[in-house]
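A short write-up of the structure that comes next.
Atoms considered below: every heavy atom in the structure, side chains included; atoms not considered: hydrogens, waters and symmetry mates. We count residues from 1, following the sequence as given.
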Amino acid sequence: MWTRDGEPTQFVWRDRLYLVRRVLDHWVVAREWWKTGEGDPGERRFWRVEASPGREVGSYELRYDTAANGWLLLRAWD
């Protein structure tokens, strides 16, 4: 995953590089207070984006988890 100002710009899926063309939606879900740690705001940040490895554009849902400090591709509509 590559980001700019905390927002996804590129990601790799199935050994192909996808360029984020447009952010369709962005939302944040807070974790229960007892599951957060020091220095961790306990958030999961979601993005629904249009992205493509070339001409074919699809919609993808990406998640950033502050606890795991990692990204996950949750859904693909291509």
To the closest 0.5 Å, what do you measure between [atom1] ([X]) and [atom2] ([Y])?
X   : Y   : atom1 : atom2 : result
E7  : R45 : CD    : CZ    : 12.0 Å
S52 : R22 : OG    : CZ    : 12.5 Å
L17 : W2  : CG    : CH2   : 5.5 Å
T3  : Y64 : OG1   : OH    : 9.0 Å
W47 : L24 : CH2   : CG    : 13.5 Å

Inset, instruction - Fit a plane to each ring of Y18 and F11, take the angle between them on a 0 to 90° scale, and name the class: parallel (under 30°), tilted (30 to 60°) or perpendicular (over 60°). - result: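 Y18 vs F11 ring planes: parallel.
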
Inset, instruction - Decide yes or no for Y60 and L74: does some side-chain heavy atom of the first lie under 4.5 Å from some side-chain heavy atom of the second? - result: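 Answer no - side chains too far apart.
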
Inset, instruction - State, with a plain yes or no, whether a side-chain heavy atom of V49 is found less than 4.5 Å away from one of L62. - result: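 A side-chain contact under 4.5 Å exists here.
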
Legend entry - E50/R21 ion pair, N-O < 4.0 Å: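 Salt bridge between E50 and R21, a charged N being under 4.0 Å from a carboxylate O: no.
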
Linked, directly or transitively: [X] and [Y] (ILVMFWY side chains, under 4.5 Å):
X   : Y   : value
M1  : W13 : yes
W27 : L72 : yes
L73 : F46 : no

Legend entry - N/O donor-acceptor pair under 3.5 Å between S59 side chain and W77 backbone: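 No, S59 side chain to W77 backbone: no donor-acceptor pair under 3.5 Å.
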
